[in-house]
Structures are given as structure tokens and as C-alpha cells.
A.B. asks: 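If you scroll down you'll find the structure; I have some questions about it.
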There are 2 protein chains.
Amino acid sequence: MHQPEHLKNAGLKSTVPRLKVLSLFESGQERHMSAEDVYKLLLASGDDVGLATVYRVLTQFEQAGLLVRHYFEGGKSVFELNQGKHHDHIVCLQCGRVEEFYDTAIEARQEKVAADRGFSIRDHALHIYADCTKKQCPHKV
Amino acid sequence: MHQPEHLKNAGLKSTVPRLKVLSLFESGQERHMSAEDVYKLLLASGDDVGLATVYRVLTQFEQAGLLVRHYFEGGKSVFELNQGKHHDHIVCLQCGRVEEFYDTAIEARQEKVAADRGFSIRDHALHIYADCTKKQCPHKV
DNA sequence: ATCGCAAATGAGAACGATTATCATTTGCAT
DNA sequence: ATGCAAATGATAATCGTTCTCATTTGCGAT
């Protein structure tokens with residue numbers, strides 16, 4: 001159990017709701033979750049935290065660098081554990097599943113494009129929306 | 001004046017609010033606008049259309065292919081004239097200005113990445129958030 | 001021209017995601 | 001154990017957007 005240290009290192013005191021949210025992400029059963037997802041999963045497992053707290057904790061974790069926030073189409077933002085290595089996303093339009101990828105060539109070209117125009121990249125988001133052509137696509141999360 | 005034909009071709013009857021919204025985009029003074037932006041600009045120029053109508057018209061124009069909708073960070077969506085040629089965006093974090101770019105290499109790699117994973121791309125969005133290093137950055141829209 | 005009616009509009013209610021408020025509770029240094 | 005700043009939870013408020021519905025309008029048929 002090393003979550004308390006994660007929180008300490010992030011300058012956050014270790015409280016019950018924070019530990020619950022963090023371990024939900026660390027359980028790995030669901031990598032990308034919205035605030036609502038987290039709230040419902042916690043309720044379902046008997047832990048009752050307030051929805052407002054979930055939102056607060058997610059935002060704090062994002063600022064602390066423990067989680068990364070993504071804005072996909074559809075308005076709601078989703079979070080995932082920050083594992084240091086940047087990556088982009090392919091979102092399956094059939095089932096909503098999210099796959100991650102990293103392409104060196106794309107990353108390099110982006111730097112070039114920005115530099116050519118006099119920009120210095122702070123962040124970027126590449127979201128590919130696609131249909132999964134493989135049969136194993138669940139077609140439902 | 002060819003807006004009425006644009007609407008006709010799109011299967012939309014030409015009404016006053018639709019013509020106003022379309023000509024605002026065609027005026028070219030502001031390429032990327034949110035629903036709120038459009039609403040305020042129309043009010044400012046004395047044309048009064050309802051906010052609900054602006055939202056409806058923008059959505060119809062998007063479906064008709066006259067406009068393209070983008071979901072940038074921050075929740076609200078912005079629209080721009082569809083000029084046929086796809087492009088991606090660099091958003092200046094200082095002034096909010098949006099620059100467009102198109103990079104063949106990036107487009108090609110995306111196809112490859114998706115194909116390798118068994119996806120067929122329906123759409124994609126690449127948003128680079130950056131600081132403008134040039135002095136001409138307005139630092140305010 | 002003008003009539004008639006389906007389609008479009010506008011005002012405001014409703015909605016979903018998120019944030020703010022504030023009284024109560026809790027972690028933790030003393 | 002104690003005290004207090006920080007965190008929580010219930011709820012109200014906010015923001016962007018969509019829905020509802022009574023009124024108006026475009027436009028094809030007369």
C-alpha cells in the first residue's frame with residue numbers, strides 16, 4: 001500500500017475519499033473514467049463519497065500530476081493515471097473504447113510545424129475517431 | 001449574393017436568421033466562432049435572432065456540411081466555414097487565437113497507426129496548445 | 001397577389017456537466 | 001487528547017446547450 005506516499009509527495013493530505021479515488025484508478029480495471037464513472041463505481045462498491053468531492057479530488061490529482069485529463073468529444077472529460085509517457089488516443093465510435101498509441105514521427109512533425117510558425121508547444125491532443133474493423137470490438141462497453 | 005443557393009443546395013429553406021448567420025461566417029472577419037460569439041455579433045450589428053435559433057442553425061449547417069465544428073478544451077464548441085480542405089489547429093494559449101495547418105506526414109502516419117490497429121478513421125482532431133513566441137502575438141483577442 | 005400549412009423562430013424552461021457555498025466533519029501537528 | 005485549518009457532503013448555482021410550445025414566416029398552389 002503506497003498510495004499515502006503518492007498523496008504526500010503531491011502535497012495532499014491523505015484522506016479517505018482521496019485514497020478511494022486513487023486506488024480505483026490504480027486497480028486498473030478501468031483506465032479512462034469520467035467523474036460520473038468514478039462516482040458510480042465508488043457507490044457501487046459501498047464507499048460513499050459525495051459527487052462534489054469526486055470532482056474536487058480529480059481536479060487536484062490532475063494538478064498534482066497524478067492523473068491526466070482528456071477532453072473527448074461529447075463534453076465530459078475523462079481521466080487516466082499519469083504514467084509519465086505521453087500518448088494519443090483512438091476512440092472507437094462503435095463501443096466507445098479508448099486505445100492508446102504513440103508515434104514518434106507524428107510527435108516530431110508536430111514540433112516542426114509549431115516551430116515553423118513561431119510557437120512553442122505546451123500541450124497537444126490528438127484524437128482519432130474511428131470504426132473498429134476487427135470482430136473483437138465489443139460494440140458495447 | 002449566392003447564399004440562398006448554398007442553403008438550397010443543402011436542402012434548407014432560406015430564412016432570415018440562416019442568411020444572417022451564413023453571411024457572418026462568409027464575411028471572414030472572424031473565422032472561428034462559438035454559438036455565443038455568433039449570437040453577440042449579430043445582436044451587435046442590430047440583427048436580432050434568438051440564441052436558440054443560433055444553436056439550431058449552427059447544428060444544421062454542420063450537418064449540411066457548410067460549417068465544421070471543433071471541440072477545443074474548455075467545453076464550448078467553435079465553428080468555422082467548411083472550405084473542403086481538412087486542417088488541424090494550433091491554439092495560442094496567450095491570446096486564444098487559432099492558426100490552421102496541414103501536414104501530409106502527420107496525416108499519413110495517422111492512417112498507418114489506425115490501420116495497424118484495425119481501425120478505419122472516421123474523423124480526427126489534432127489540437128496543439130502553444131505559446132506564441134513571436135512579438136506580434138496580440139496577447140488579447 | 002393571396003392562401004394555407006408545414007417548417008422555422010423566439011422566449012423561456014429544462015438539462016447535463018461542473019463549480020461554488022457553507023455548515024459539519026476529519027486529519028494531523030501539538 | 002485537543003484545536004484548528006483543511007476537507008467533505010448536500011445543495012444551490014452556473015454554463016453551455018437542447019427542448020417545448022405558442023407564434024410567425026417562407027413558399028408552393030391557387
Side-chain angles (χ1 to χ4, degrees), chain A residues 1 3-24 32-43 45-64 66-79 96, chain B residues 1 3-24 32-43 45-64 66-79 96:
Chain A
M1 205 59 83
Q3 286 98 334
E5 278 79 70
H6 285 180
L7 294 179
K8 281 279 156 48
N9 297 342
L12 296 167
K13 68 166 72 163
S14 77
T15 66
V16 173
R18 285 181 194 163
L19 289 171
K20 284 178 179 167
V21 171
L22 185 52
S23 57
L24 176 57
H32 299 87
M33 290 181 279
S34 67
E36 196 70 29
D37 293 338
V38 170
Y39 178 65
K40 285 189 182 143
L41 283 174
L42 289 183
L43 283 196
S45 56
D47 307 308
D48 78 29
V49 289
L51 179 56
T53 301
V54 170
Y55 274 100
R56 265 188 304 243
V57 169
L58 290 176
T59 301
Q60 290 160 348
F61 283 6
E62 183 201 6
Q63 289 167 347
L66 293 173
L67 297 179
V68 179
R69 180 199 299 255
H70 300 291
Y71 300 87
F72 292 134
E73 296 186 7
K76 53 173 60 173
S77 33
V78 293
F79 299 80
Chain B
M1 203 61 86
Q3 286 98 334
E5 279 77 71
H6 285 179
L7 295 179
K8 282 280 157 47
N9 299 341
L12 296 167
K13 68 164 74 163
S14 77
T15 67
V16 172
R18 293 208 259 237
L19 289 171
K20 284 176 179 168
V21 171
L22 185 52
S23 56
L24 177 56
H32 299 86
M33 289 181 280
S34 68
E36 196 70 28
D37 293 337
V38 170
Y39 178 63
K40 285 186 182 144
L41 282 173
L42 289 183
L43 283 197
S45 55
D47 307 309
D48 78 28
V49 291
L51 179 57
T53 301
V54 169
Y55 274 100
R56 266 187 304 241
V57 169
L58 290 175
T59 302
Q60 291 160 348
F61 283 4
E62 183 201 7
Q63 288 166 348
L66 294 173
L67 296 180
V68 179
R69 180 199 299 255
H70 301 290
Y71 300 87
F72 294 133
E73 294 186 8
K76 53 173 58 172
S77 33
V78 295
F79 299 80

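As the structure is a prediction and not an experimental result, all values here were calculated from the model.
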A.B. asks: Is there side-chain contact between B/Tyr39 and B/Thr53, with at least one heavy-atom pair below 4.5 Å?
C.D. replies: no

A.B. asks: Starting at atom CG of A/Leu58, determine the distance to atom P of C/dA17, rounded to an integer number of angstrom.
C.D. replies: 14 Å

A.B. asks: Measure across A/Leu12 and A/Ala64 and return the closest heavy-atom pair with its distance rounded to 0.1 Å.
C.D. replies: CD1-CB, 4.3 Å

A.B. asks: Can you check the B/Arg18 CZ to D/dT24 C1' distance for me, whole Å?
C.D. replies: 14 Å

A.B. asks: Which pairs of donor and acceptor atoms, one on a side chain in residues 45-52 of chain A, lie under 3.5 Å apart (sequence neighbours left out)?
C.D. replies:
{"unit_1": "A/Ser45", "atom_1": "OG", "unit_2": "A/Leu41", "atom_2": "O", "d": "3.1"}
{"unit_1": "A/Ser45", "atom_1": "OG", "unit_2": "A/Leu42", "atom_2": "O", "d": "3.1"}
{"unit_1": "A/Ser45", "atom_1": "OG", "unit_2": "A/Asp47", "atom_2": "OD2", "d": "3.2"}

A.B. asks: Search all heavy atoms of B/Val68 against all heavy atoms of B/His70 and return the closest pair with its distance.
C.D. replies: CG1-CE1, 3.8 Å

A.B. asks: Could you state the NZ-C1' distance from B/Lys20 to D/dT25, rounded to the nearest angstrom?
C.D. replies: 13 Å

A.B. asks: Rounding to a whole Å, what distance do you find between A/Phe61:CZ and D/dA7:P?
C.D. replies: 11 Å

A.B. asks: Starting at atom OH of B/Tyr71, determine the distance to atom P of C/dA17, rounded to an integer number of angstrom.
C.D. replies: 14 Å

A.B. asks: Provide, to the nearest angstrom, the distance between the OH atom belonging to A/Tyr39 and the P atom belonging to D/dG9.
C.D. replies: 10 Å

A.B. asks: Tell me the interatomic distance from A/Gln60, atom CD, to D/dA7, atom P, rounded to whole angstroms.
C.D. replies: 7 Å

A.B. asks: Checking side-chain polar atoms at under 3.5 Å, does B/Arg56 have a donor or acceptor matched by the opposite partner on B/Thr59?
C.D. replies: no

A.B. asks: Measure the distance from CZ on A/Phe79 to C1' on C/dT18 and round it to the nearest whole Å.
C.D. replies: 10 Å

A.B. asks: Is a side-chain N or O of A/Arg18 found less than 3.5 angstrom from the main chain of A/Lys13, in a donor-acceptor match?
C.D. replies: yes

A.B. asks: Please write out each protein N/O paired with an N/O of nucleotides 27-30 of chain C under 3.5 Å, distance rounded to 0.1 Å.
C.D. replies:
{"unit_1": "C/dC28", "atom_1": "OP1", "unit_2": "A/Ser14", "atom_2": "N", "d": "3.3"}

A.B. asks: Do A/Arg69 and A/Leu67 have side-chain heavy atoms sitting under 4.5 Å apart?
C.D. replies: no

A.B. asks: Hey, are the side chains of A/Gln60 and A/Val57 touching, using non-hydrogen atoms and a 4.5 Å cut-off?
C.D. replies: yes

A.B. asks: Where do A/Val54 and A/Ala35 come nearest, in terms of heavy atoms and distance?
C.D. replies: CG1-O, 3.6 Å

A.B. asks: Enumerate the protein-to-nucleotides 17-23 of chain D contacts in which both atoms are nitrogen or oxygen and the separation is below 3.5 Å.
C.D. replies:
{"unit_1": "D/dT17", "atom_1": "OP1", "unit_2": "B/Ser77", "atom_2": "N", "d": "3.0"}
{"unit_1": "D/dT17", "atom_1": "OP1", "unit_2": "B/Ser77", "atom_2": "OG", "d": "3.0"}
{"unit_1": "D/dT17", "atom_1": "OP2", "unit_2": "B/Tyr55", "atom_2": "OH", "d": "2.8"}

